[in-house]
K.L.:
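Can you read through this structure? Questions will come right after.
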Amino acid sequence: MALEGPAERRDEVQVAMGNGNGVAPSQPSRPAGRPPAAAAPYADRRLRLNPNAEHKPQDYSDVRGEYAPAVYSALERHLPPSLLDADRDVKLHFMRDILARYWPQGERNKVQRHREYRQRILHLYKPLHEELYNMHPSVFFLPTFLEAVRSNTEESFRSIMTEPIPGVYSFAMLQPTFCEMLLEEVENFEKWVHAMKFKIMRPNTMNKYGAVLDDFGLEAMLNQFMQQFIAPISKVFYPEVGGGTLDSHHAFIVEYGKDRDLELGFHVDDSEVTLNVCLGKQFSGGELYFRGIRCENHVNSETQHEEMYDYTHIPGRAVLHRGRHRHGARATSSGLRINLLLWCRREMKKYQKDFPSWCGECQREKRERQSQCVKATKMAFLRGSGGATI
(Lines give C-alpha, C1' and ligand atoms only; values in the text may rest on other atoms or scores of the structure.)
Protein backbone atom coordinates (compact mmCIF):
# COMPACT_ATOMS: atom_id res chain seq x y z
CA MET A 1 0.00 0.00 0.00
CA ALA A 2 1.66 3.22 -1.11
CA LEU A 3 1.06 6.52 0.59
CA GLU A 4 -0.92 8.98 -1.51
CA GLY A 5 0.67 12.02 0.12
CA PRO A 6 4.21 12.87 1.18
CA ALA A 7 5.55 11.67 4.51
CA GLU A 8 7.68 14.78 4.73
CA ARG A 9 9.85 15.95 7.61
CA ARG A 10 9.72 19.69 8.14
CA ASP A 11 12.81 21.12 9.77
CA GLU A 12 12.22 21.87 13.41
CA VAL A 13 14.34 24.98 13.14
CA GLN A 14 11.73 26.50 10.88
CA VAL A 15 9.08 26.28 13.59
CA ALA A 16 10.27 29.62 14.91
CA MET A 17 11.81 30.92 11.70
CA GLY A 18 9.48 29.19 9.28
CA ASN A 19 10.49 27.89 5.87
CA GLY A 20 8.52 24.65 5.72
CA ASN A 21 11.24 22.59 4.05
CA GLY A 22 12.99 19.53 5.36
CA VAL A 23 16.70 19.75 5.95
CA ALA A 24 19.09 16.99 4.93
CA PRO A 25 22.77 16.78 5.91
CA SER A 26 25.14 18.31 3.42
CA GLN A 27 28.85 18.80 3.07
CA PRO A 28 30.18 20.72 6.09
CA SER A 29 30.37 24.45 5.59
CA ARG A 30 31.94 27.07 7.81
CA PRO A 31 29.53 29.53 9.43
CA ALA A 32 29.97 33.21 8.91
CA GLY A 33 32.50 34.73 11.28
CA ARG A 34 35.14 33.05 13.37
CA PRO A 35 34.53 31.64 16.85
CA PRO A 36 36.49 33.14 19.72
CA ALA A 37 39.84 31.62 20.57
CA ALA A 38 38.36 30.11 23.73
CA ALA A 39 36.18 27.80 21.60
CA ALA A 40 39.12 26.25 19.77
CA PRO A 41 40.02 23.61 22.41
CA TYR A 42 36.52 22.14 22.03
CA ALA A 43 36.53 21.97 18.23
CA ASP A 44 37.18 18.21 18.12
CA ARG A 45 34.77 17.27 20.91
CA ARG A 46 31.72 15.19 20.02
CA LEU A 47 28.16 15.64 21.19
CA ARG A 48 26.77 13.21 23.74
CA LEU A 49 24.64 10.46 22.21
CA ASN A 50 22.05 10.78 25.00
CA PRO A 51 21.11 14.09 26.60
CA ASN A 52 22.25 15.00 30.11
CA ALA A 53 18.84 15.02 31.79
CA GLU A 54 20.19 16.61 34.98
CA HIS A 55 21.79 19.57 33.23
CA LYS A 56 19.78 22.79 33.11
CA PRO A 57 20.49 24.67 29.85
CA GLN A 58 21.16 28.38 29.89
CA ASP A 59 18.59 30.87 28.62
CA TYR A 60 18.94 31.62 24.90
CA SER A 61 15.70 33.56 24.44
CA ASP A 62 17.64 36.75 23.72
CA VAL A 63 19.70 35.16 20.94
CA ARG A 64 18.76 36.31 17.45
CA GLY A 65 19.91 34.66 14.27
CA GLU A 66 19.32 31.67 12.05
CA TYR A 67 18.24 29.27 14.79
CA ALA A 68 15.38 29.28 17.27
CA PRO A 69 16.36 29.60 20.98
CA ALA A 70 14.80 26.18 21.63
CA VAL A 71 17.39 24.61 19.34
CA TYR A 72 20.25 25.80 21.55
CA SER A 73 18.48 24.81 24.78
CA ALA A 74 17.90 21.28 23.47
CA LEU A 75 21.37 20.93 21.99
CA GLU A 76 23.16 22.12 25.15
CA ARG A 77 22.11 18.93 26.97
CA HIS A 78 24.13 16.99 24.38
CA LEU A 79 27.35 18.97 24.83
CA PRO A 80 30.47 17.12 26.04
CA PRO A 81 30.97 17.36 29.84
CA SER A 82 34.00 19.64 29.45
CA LEU A 83 31.80 22.26 27.78
CA LEU A 84 28.82 22.33 30.13
CA ASP A 85 30.40 24.82 32.53
CA ALA A 86 31.96 27.00 29.81
CA ASP A 87 30.83 30.56 29.16
CA ARG A 88 27.58 30.84 27.26
CA ASP A 89 29.31 32.54 24.30
CA VAL A 90 31.73 29.62 23.99
CA LYS A 91 28.87 27.10 24.02
CA LEU A 92 26.91 29.22 21.57
CA HIS A 93 29.77 29.32 19.06
CA PHE A 94 30.35 25.59 19.44
CA MET A 95 26.68 24.79 18.81
CA ARG A 96 26.42 27.19 15.88
CA ASP A 97 29.42 25.52 14.30
CA ILE A 98 27.81 22.09 14.70
CA LEU A 99 24.47 23.28 13.31
CA ALA A 100 25.99 25.08 10.34
CA ARG A 101 27.66 21.85 9.19
CA TYR A 102 24.24 20.30 8.56
CA TRP A 103 22.25 23.22 7.24
CA PRO A 104 23.05 24.24 3.63
CA GLN A 105 23.29 27.91 2.75
CA GLY A 106 20.27 27.61 0.46
CA GLU A 107 18.09 26.48 3.34
CA ARG A 108 19.38 29.27 5.55
CA ASN A 109 18.44 31.76 2.84
CA LYS A 110 14.89 30.38 2.73
CA VAL A 111 14.59 30.71 6.49
CA GLN A 112 15.84 34.29 6.30
CA ARG A 113 13.25 35.17 3.66
CA HIS A 114 10.45 33.67 5.72
CA ARG A 115 11.66 35.48 8.81
CA GLU A 116 11.53 38.79 6.92
CA TYR A 117 8.04 37.89 5.65
CA ARG A 118 6.85 37.19 9.19
CA GLN A 119 8.42 40.34 10.63
CA ARG A 120 6.71 42.42 7.99
CA ILE A 121 3.33 40.90 8.87
CA LEU A 122 3.85 41.41 12.61
CA HIS A 123 4.74 45.03 11.98
CA LEU A 124 1.72 45.79 9.80
CA TYR A 125 -1.13 43.43 10.76
CA LYS A 126 -3.66 44.67 13.33
CA PRO A 127 -5.33 41.77 15.20
CA LEU A 128 -9.10 41.57 15.32
CA HIS A 129 -9.24 39.84 18.72
CA GLU A 130 -6.34 40.99 20.90
CA GLU A 131 -7.36 38.57 23.66
CA LEU A 132 -6.36 35.61 21.48
CA TYR A 133 -2.70 36.57 21.60
CA ASN A 134 -2.25 35.83 25.31
CA MET A 135 -3.18 32.66 27.14
CA HIS A 136 -6.54 32.83 28.96
CA PRO A 137 -7.28 29.21 30.01
CA SER A 138 -10.80 29.77 31.36
CA VAL A 139 -11.77 31.57 28.14
CA PHE A 140 -10.10 29.09 25.79
CA PHE A 141 -10.79 25.69 27.39
CA LEU A 142 -13.77 23.80 28.78
CA PRO A 143 -13.86 23.38 32.59
CA THR A 144 -13.67 19.58 32.33
CA PHE A 145 -10.46 19.78 30.31
CA LEU A 146 -8.90 22.36 32.66
CA GLU A 147 -9.68 20.25 35.72
CA ALA A 148 -8.10 17.16 34.12
CA VAL A 149 -4.91 19.09 33.31
CA ARG A 150 -4.75 20.64 36.79
CA SER A 151 -5.00 17.17 38.37
CA ASN A 152 -2.29 15.99 35.97
CA THR A 153 -2.76 12.25 36.43
CA GLU A 154 -3.44 9.45 34.00
CA GLU A 155 -6.76 8.86 35.76
CA SER A 156 -7.85 12.49 35.36
CA PHE A 157 -6.93 12.50 31.67
CA ARG A 158 -8.71 9.23 30.97
CA SER A 159 -11.81 10.51 32.76
CA ILE A 160 -12.46 12.98 29.93
CA MET A 161 -11.19 10.86 27.03
CA THR A 162 -12.17 8.04 24.77
CA GLU A 163 -9.51 5.77 23.20
CA PRO A 164 -11.23 4.10 20.23
CA ILE A 165 -7.98 2.47 19.09
CA PRO A 166 -4.63 2.32 20.91
CA GLY A 167 -2.81 5.65 20.82
CA VAL A 168 -5.70 7.78 19.55
CA TYR A 169 -7.45 9.92 22.18
CA SER A 170 -10.52 12.10 21.73
CA PHE A 171 -11.87 14.65 24.21
CA ALA A 172 -13.92 17.85 24.46
CA MET A 173 -11.47 20.72 24.72
CA LEU A 174 -12.28 24.21 23.37
CA GLN A 175 -14.91 26.73 24.36
CA PRO A 176 -17.31 27.66 21.51
CA THR A 177 -16.38 31.34 21.98
CA PHE A 178 -12.69 30.56 21.44
CA CYS A 179 -13.48 28.62 18.25
CA GLU A 180 -15.54 31.54 16.95
CA MET A 181 -12.84 34.11 17.77
CA LEU A 182 -10.11 32.08 16.12
CA LEU A 183 -12.21 31.55 13.00
CA GLU A 184 -12.89 35.28 12.80
CA GLU A 185 -9.19 36.10 13.34
CA VAL A 186 -8.09 33.78 10.55
CA GLU A 187 -10.73 35.17 8.20
CA ASN A 188 -9.62 38.71 9.07
CA PHE A 189 -5.97 37.81 8.42
CA GLU A 190 -6.76 36.21 5.06
CA LYS A 191 -8.73 39.29 3.95
CA TRP A 192 -5.86 41.53 5.07
CA VAL A 193 -3.29 39.45 3.18
CA HIS A 194 -5.43 39.67 0.04
CA ALA A 195 -5.88 43.43 0.41
CA MET A 196 -2.14 43.92 0.95
CA LYS A 197 -1.38 41.67 -2.02
CA PHE A 198 0.88 39.51 0.12
CA LYS A 199 1.49 35.89 -0.76
CA ILE A 200 0.09 33.85 2.11
CA MET A 201 2.28 30.99 3.33
CA ARG A 202 0.28 27.76 3.39
CA PRO A 203 0.62 25.21 6.22
CA ASN A 204 2.46 22.52 4.22
CA THR A 205 2.84 21.03 0.77
CA MET A 206 -0.42 19.09 0.99
CA ASN A 207 -2.81 21.95 1.87
CA LYS A 208 -3.55 24.67 -0.68
CA TYR A 209 -5.77 26.58 1.77
CA GLY A 210 -5.36 27.62 5.38
CA ALA A 211 -2.81 29.71 7.25
CA VAL A 212 0.16 29.33 9.59
CA LEU A 213 -0.93 30.83 12.91
CA ASP A 214 2.61 31.57 14.06
CA ASP A 215 3.08 33.90 11.08
CA PHE A 216 0.73 36.57 12.39
CA GLY A 217 1.56 36.69 16.09
CA LEU A 218 0.02 33.65 17.78
CA GLU A 219 3.31 31.78 18.26
CA ALA A 220 3.90 32.70 21.93
CA MET A 221 0.34 31.85 22.98
CA LEU A 222 0.41 28.54 21.10
CA ASN A 223 3.74 27.62 22.64
CA GLN A 224 2.10 27.98 26.07
CA PHE A 225 -0.85 26.00 24.70
CA MET A 226 1.52 23.14 23.89
CA GLN A 227 3.77 23.27 26.96
CA GLN A 228 1.08 23.75 29.60
CA PHE A 229 -1.83 21.79 28.19
CA ILE A 230 -0.60 19.25 25.64
CA ALA A 231 2.83 18.24 26.97
CA PRO A 232 1.44 16.98 30.34
CA ILE A 233 -0.92 14.65 28.46
CA SER A 234 1.75 13.59 25.98
CA LYS A 235 4.16 12.82 28.82
CA VAL A 236 1.67 10.24 30.13
CA PHE A 237 0.53 8.68 26.84
CA TYR A 238 3.49 9.14 24.46
CA PRO A 239 6.71 8.86 26.53
CA GLU A 240 8.38 6.68 23.88
CA VAL A 241 8.37 9.56 21.35
CA GLY A 242 9.51 12.25 23.79
CA GLY A 243 6.01 13.37 24.77
CA GLY A 244 7.23 14.90 28.03
CA THR A 245 9.98 16.97 26.39
CA LEU A 246 8.13 18.71 23.56
CA ASP A 247 9.85 22.03 22.92
CA SER A 248 8.67 23.43 19.57
CA HIS A 249 5.57 23.47 17.41
CA HIS A 250 4.04 24.23 14.03
CA ALA A 251 0.48 25.56 14.31
CA PHE A 252 -1.89 26.11 11.43
CA ILE A 253 -5.47 26.17 10.19
CA VAL A 254 -6.76 23.91 7.40
CA GLU A 255 -9.94 24.51 5.38
CA TYR A 256 -12.00 21.87 3.56
CA GLY A 257 -15.12 22.21 1.42
CA LYS A 258 -16.34 23.80 -1.79
CA ASP A 259 -13.64 26.04 -3.30
CA ARG A 260 -11.23 24.77 -0.63
CA ASP A 261 -9.21 21.60 -0.17
CA LEU A 262 -11.58 18.68 -0.62
CA GLU A 263 -9.71 15.86 1.12
CA LEU A 264 -6.26 14.97 2.41
CA GLY A 265 -4.20 12.05 1.15
CA PHE A 266 -2.81 9.25 3.26
CA HIS A 267 0.31 10.49 5.11
CA VAL A 268 2.21 10.87 8.36
CA ASP A 269 2.75 14.19 10.14
CA ASP A 270 6.03 15.95 10.75
CA SER A 271 5.53 15.88 14.48
CA GLU A 272 6.05 13.74 17.53
CA VAL A 273 2.48 14.38 18.71
CA THR A 274 -0.39 15.94 16.74
CA LEU A 275 -3.39 17.78 18.17
CA ASN A 276 -6.29 18.18 15.73
CA VAL A 277 -9.32 20.23 16.85
CA CYS A 278 -12.34 20.98 14.72
CA LEU A 279 -13.36 24.66 14.95
CA GLY A 280 -16.46 24.39 12.75
CA LYS A 281 -18.43 25.34 10.75
CA GLN A 282 -21.42 23.44 9.31
CA PHE A 283 -20.27 20.46 7.24
CA SER A 284 -20.73 16.79 6.45
CA GLY A 285 -18.10 14.19 5.65
CA GLY A 286 -14.42 14.88 6.24
CA GLU A 287 -13.83 11.90 8.52
CA LEU A 288 -10.26 11.33 9.69
CA TYR A 289 -9.16 7.76 9.00
CA PHE A 290 -6.29 6.04 10.83
CA ARG A 291 -4.22 3.14 9.50
CA GLY A 292 -1.56 2.20 12.06
CA ILE A 293 1.68 3.64 13.48
CA ARG A 294 4.79 3.15 11.35
CA CYS A 295 8.48 3.97 11.37
CA GLU A 296 10.16 5.24 8.20
CA ASN A 297 11.15 1.69 7.21
CA HIS A 298 7.53 0.51 7.24
CA VAL A 299 5.59 3.62 6.28
CA ASN A 300 4.16 1.90 3.17
CA SER A 301 3.43 -1.48 4.74
CA GLU A 302 -0.02 -3.07 4.73
CA THR A 303 -2.64 -2.05 7.28
CA GLN A 304 -3.88 -4.69 9.70
CA HIS A 305 -7.65 -4.90 10.25
CA GLU A 306 -7.40 -3.92 13.93
CA GLU A 307 -5.55 -0.72 12.96
CA MET A 308 -8.43 0.71 10.92
CA TYR A 309 -10.51 3.47 12.48
CA ASP A 310 -12.57 6.42 11.19
CA TYR A 311 -13.00 9.48 13.41
CA THR A 312 -15.87 11.95 12.93
CA HIS A 313 -15.08 15.60 13.66
CA ILE A 314 -17.16 17.56 16.19
CA PRO A 315 -16.55 21.31 16.69
CA GLY A 316 -14.60 21.96 19.88
CA ARG A 317 -13.57 18.33 20.24
CA ALA A 318 -9.92 17.31 19.90
CA VAL A 319 -8.18 14.19 18.67
CA LEU A 320 -4.60 13.53 19.84
CA HIS A 321 -2.27 11.03 18.15
CA ARG A 322 1.37 10.31 17.33
CA GLY A 323 2.73 12.08 14.28
CA ARG A 324 3.78 8.71 12.87
CA HIS A 325 0.21 7.40 13.07
CA ARG A 326 -0.75 7.09 9.39
CA HIS A 327 -3.95 8.91 8.54
CA GLY A 328 -5.87 10.91 5.96
CA ALA A 329 -9.10 12.90 5.62
CA ARG A 330 -12.08 11.84 3.55
CA ALA A 331 -13.82 14.32 1.28
CA THR A 332 -15.91 17.03 2.94
CA SER A 333 -19.11 16.46 1.00
CA SER A 334 -20.90 19.70 1.96
CA GLY A 335 -20.35 22.89 3.93
CA LEU A 336 -17.02 24.18 5.25
CA ARG A 337 -14.82 22.34 7.77
CA ILE A 338 -12.02 24.27 9.49
CA ASN A 339 -9.57 22.62 11.88
CA LEU A 340 -6.77 23.78 14.15
CA LEU A 341 -3.63 21.63 13.87
CA LEU A 342 -0.81 21.78 16.40
CA TRP A 343 2.22 19.71 15.43
CA CYS A 344 4.13 19.27 18.68
CA ARG A 345 7.81 18.51 18.25
CA ARG A 346 11.01 17.68 20.03
CA GLU A 347 14.29 19.07 18.72
CA MET A 348 16.41 16.00 19.50
CA LYS A 349 14.99 12.85 17.92
CA LYS A 350 17.37 10.04 18.86
CA TYR A 351 14.44 8.01 20.19
CA GLN A 352 13.13 7.61 16.64
CA LYS A 353 15.78 4.96 16.05
CA ASP A 354 14.08 2.75 18.64
CA PHE A 355 11.33 1.74 16.23
CA PRO A 356 10.27 -1.59 17.81
CA SER A 357 8.82 0.20 20.85
CA TRP A 358 6.19 2.09 18.85
CA CYS A 359 5.98 0.95 15.20
CA GLY A 360 3.06 -1.41 14.63
CA GLU A 361 4.81 -3.28 11.82
CA CYS A 362 8.03 -3.69 13.84
CA GLN A 363 5.94 -5.18 16.63
CA ARG A 364 4.11 -7.50 14.22
CA GLU A 365 7.41 -8.72 12.75
CA LYS A 366 8.76 -9.31 16.25
CA ARG A 367 5.72 -11.41 17.15
CA GLU A 368 6.12 -13.36 13.92
CA ARG A 369 9.79 -14.06 14.68
CA GLN A 370 8.88 -15.22 18.18
CA SER A 371 6.15 -17.47 16.80
CA GLN A 372 8.54 -19.00 14.27
CA CYS A 373 11.11 -19.54 17.01
CA VAL A 374 8.55 -21.35 19.19
CA LYS A 375 7.50 -23.55 16.24
CA ALA A 376 11.12 -24.39 15.43
CA THR A 377 11.79 -25.29 19.07
CA LYS A 378 8.77 -27.60 19.16
CA MET A 379 9.81 -29.29 15.92
CA ALA A 380 13.34 -29.82 17.23
CA PHE A 381 11.96 -31.30 20.44
CA LEU A 382 9.67 -33.67 18.53
CA ARG A 383 12.51 -34.81 16.27
CA GLY A 384 14.75 -35.39 19.25
CA SER A 385 12.10 -37.44 21.03
CA GLY A 386 11.32 -39.57 17.99
CA GLY A 387 7.96 -37.96 17.43
CA ALA A 388 6.52 -39.20 20.75
CA THR A 389 3.77 -37.22 22.38
CA ILE A 390 3.27 -36.63 26.06
Side-chain angles (χ1 to χ4, degrees), residues 50-57 70 73-74 77 134-179 220-249 251 269 271-278 288 290 293 306-307 309 311-325 327 340-352 354 356-360 363:
N50 298 308
N52 185 335
E54 297 179 357
H55 176 70
K56 183 178 180 181
S73 297
R77 294 182 184 272
N134 293 289
M135 176 56 67
H136 302 288
S138 61
V139 176
F140 294 177
F141 303 112
L142 294 171
T144 51
F145 175 78
L146 284 178
E147 182 56 35
V149 173
R150 289 193 186 105
S151 299
N152 197 23
T153 64
E154 182 174 349
E155 292 74 20
S156 68
F157 296 141
R158 288 193 180 277
S159 71
I160 64 167
M161 294 177 169
T162 60
E163 187 182 11
I165 58 171
V168 174
Y169 300 93
S170 177
F171 49 95
M173 183 184 197
L174 297 180
Q175 293 274 16
T177 52
F178 173 82
C179 295
M221 183 277 284
L222 289 164
N223 201 49
Q224 284 186 273
F225 192 116
M226 178 191 72
Q227 292 182 342
Q228 297 177 15
F229 300 97
I230 305 304
I233 300 174
S234 299
K235 181 179 181 179
V236 171
F237 296 117
Y238 307 117
E240 74 288 351
V241 294
T245 54
L246 302 172
D247 53 21
S248 64
H249 74 268
D269 292 340
S271 68
E272 278 55 74
V273 177
T274 292
L275 176 77
N276 186 337
V277 194
C278 183
L288 196 63
F290 290 93
I293 306 162
E306 64 273 14
E307 295 177 316
Y309 172 66
Y311 170 81
T312 301
H313 291 287
I314 299 173
R317 191 169 182 85
V319 58
L320 193 70
H321 60 86
R322 292 176 183 84
R324 299 297 308 190
H325 206 138
H327 61 284
L340 163 65
L341 274 294
L342 188 66
W343 284 357
C344 305
R345 294 160 162 169
R346 182 183 174 207
E347 299 293 354
M348 296 298 159
K349 301 176 175 62
K350 182 64 180 175
Y351 68 88
Q352 287 198 351
D354 185 22
S357 68
W358 53 267
C359 172
Q363 293 174 356

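Numbering of residues begins at 1 and proceeds along the displayed sequence.
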K.L.:
Hey, are Asn276 and His313 close enough side-chain-wise for a donor-acceptor pair under 3.5 Å?
P.N.:
no

K.L.:
Would you call His327 and Thr274 a side-chain contact if the rule is heavy atoms closer than 4.5 Å?
P.N.:
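With C-beta onward as the side chain, the pair stays apart.
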
K.L.:
Determine whether a donor-acceptor pair (N or O, by modelled atom type, separation under 3.5 Å) exists between the side chain of Arg317 and the backbone of Cys278.
P.N.:
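Answer holds: no.
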
K.L.:
Considering residues at least two apart in sequence or located in another chain, which fulfil the ring-ring contact (aromatic ring centres under 6.0 Å, His included) criterion with His325?
P.N.:
Phe290

K.L.:
Between Leu246 and Glu272, what is the shortest heavy-atom contact and its length?
P.N.:
CD2-CB, 4.1 Å

K.L.:
Would you compute the distance between atom CG of Asn223 and atom CE of Met135 and round it to the nearest 0.5 angstrom?
P.N.:
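One gets 9.5 Å once the value is rounded to the nearest 0.5 Å.
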
K.L.:
Search all heavy atoms of Ser271 against all heavy atoms of Trp343 and return the closest pair with its distance.
P.N.:
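Result for this residue pair: CB-CB, 3.6 Å.
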
K.L.:
Quick one: pull up OG1 in Thr245 and CZ in Arg77 and give me the separation to the nearest 0.5 Å.
P.N.:
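Rounded to the nearest 0.5 Å, the OG1-CZ separation comes to 9.0 Å.
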
K.L.:
Got His321 and Asp269 here, is their nearest side-chain heavy-atom distance under 4.5 Å?
P.N.:
yes

K.L.:
Distance check, rounded to the nearest 0.5 Å: Ile230 atom CD1 versus Lys235 atom NZ?
P.N.:
15.5 Å

K.L.:
Taking Arg346 for its side chain and Gly243 for its backbone only, find out whether a donor-acceptor pair lies under 3.5 Å.
P.N.:
no

K.L.:
Checking side chain to side chain contact (heavy atoms under 4.5 Å, CB included) for the pair Phe237/Arg158: CA distance, chi angles, key distance, verdict?
P.N.:
CA-CA 10 Å; Phe237 296 117; Arg158 288 193 180 277; 3.5 Å; yes

K.L.:
If you look at every heavy atom in Leu320 and Phe171, which pair is closest and at what distance?
P.N.:
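Taking Leu320 first and Phe171 second, the nearest heavy atoms are CB-CE2, 4.1 Å.
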
K.L.:
Could you work out, with ring-ring contact (aromatic ring centres under 6.0 Å, His included) as the rule, every residue matching Phe225, not counting sequence neighbours?
P.N.:
Phe141

K.L.:
Where is the tightest heavy-atom contact between Tyr238 and Val273, given as atom of each residue plus distance?
P.N.:
CD1-CG2, 3.7 Å

K.L.:
Is there a side-chain contact between Val149 and Gln228, using heavy atoms and a 4.5 Å cut-off?
P.N.:
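Not touching, per the 4.5 Å side-chain cut-off.
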
K.L.:
Taking all non-hydrogen atoms of both residues into account, name the closest pair between Leu174 and Leu142 and its distance.
P.N.:
O-CG, 3.8 Å

K.L.:
Is there a donor-acceptor pair under 3.5 Å between the side chain of Glu163 and the backbone N or O of Gly167?
P.N.:
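Here the side-chain-to-backbone pair exists.
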
K.L.:
Could you grab the distance from atom SG of Cys344 to atom CG of Leu222, nearest 0.5 Å is fine?
P.N.:
10.0 Å

K.L.:
How far does CZ of Phe157 sit from CG of Asn152, to the nearest 0.5 angstrom?
P.N.:
4.5 Å

K.L.:
Could you check if a side-chain atom of Ile165 sits within less than 4.5 angstrom of a side-chain atom of Tyr311, using non-hydrogen atoms only?
P.N.:
no

K.L.:
Are the side chain of Ser234 and the backbone of Ala231 linked by a donor-acceptor contact shorter than 3.5 Å?
P.N.:
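Looks like no, no N/O pair under 3.5 Å.
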
K.L.:
Please name the pair of heavy atoms, one in Val277 and one in Ala318, separated by the smallest distance, quoted to 0.1 Å.
P.N.:
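Shortest heavy-atom separation between Val277 and Ala318 comes out as CG2-CB, 3.7 Å.
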
K.L.:
Roughly how far apart are Phe140 CZ and Gln175 CD, rounded to 0.5 Å?
P.N.:
10.5 Å

K.L.:
Quick one: list whatever passes salt bridge (Lys or Arg N to Asp or Glu O under 4.0 Å) with Glu147, sequence neighbours left out.
P.N.:
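For Glu147, no residue satisfies salt bridge (Lys or Arg N to Asp or Glu O under 4.0 Å) once neighbours in sequence are set aside.
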
